[in-house]
Amino acid sequence: MGIEAVLLSIHDGTDAGCYRFLCPNCLDTVEKPADPKIVALLMSVGVDVEGVDDESEEELAERASIALLETRPPGPPLSVDDLISFHFLLQDDERLARALSFG
């Protein structure tokens, strides 16, 4: 399903909202809640915002991206090497148990 199949609605006065799409299997409309992180993510990939003109959509995108940056944990972003290492860590139960132990 592409971004053109998703429609985002933002609740008045908040950075949260909901998004809707047509289920490709049952053809029912599905509506899901969207916290500020989800709103920022959907807007960053270009999902249409319901009932918003171009100028205010830019303002909403800026506000949503600021909310996303504010909620990002400290530290550098994960690299591809980090993800590969994590994948192999999850495959080895003993190594995972050692990594999770705090003693």
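Since the model is a prediction, treat every value here as computed from it, not as a measurement. Worth knowing before you read on, the calculation uses all heavy atoms, side chains too, and leaves out hydrogens, waters and symmetry mates.
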Residues which pass side chain to side chain donor-acceptor pair (under 3.5 Å) with R95, listed by chain and number, not counting sequence neighbours: none

For C18 against E31, the heavy-atom pair lying closest together: SG-OE2, 3.5 Å

Contacts of type side-chain contact (heavy atoms from CB on, under 4.5 Å), residue V45, not counting sequence neighbours: I3, V47

For D82, all residues meeting side chain to side chain donor-acceptor pair (under 3.5 Å), sequence neighbours excluded: S79

side-chain contact (heavy atoms from CB on, under 4.5 Å) involving Q91 - partner list, sequence neighbours excluded: H87

Separation between CG of L42 and NZ of K32, rounded to the nearest 0.5 Å: 13.0 Å

Partner set under side-chain contact (heavy atoms from CB on, under 4.5 Å) for L83, not counting sequence neighbours: L78

Considering all heavy atoms, the nearest A99-L89 contact: CB-CD1, 4.1 Å

pair V49-I10: side-chain heavy atoms closer than 4.5 Å: yes

Note, P36 side chain near V39 side chain (heavy atom, < 4.5 Å): no

Side chain to side chain, Y19 and L7, heavy atoms closer than 4.5 Å: no

Partners meeting side chain to side chain donor-acceptor pair (under 3.5 Å) with S9 (sequence neighbours left out): R20, E50

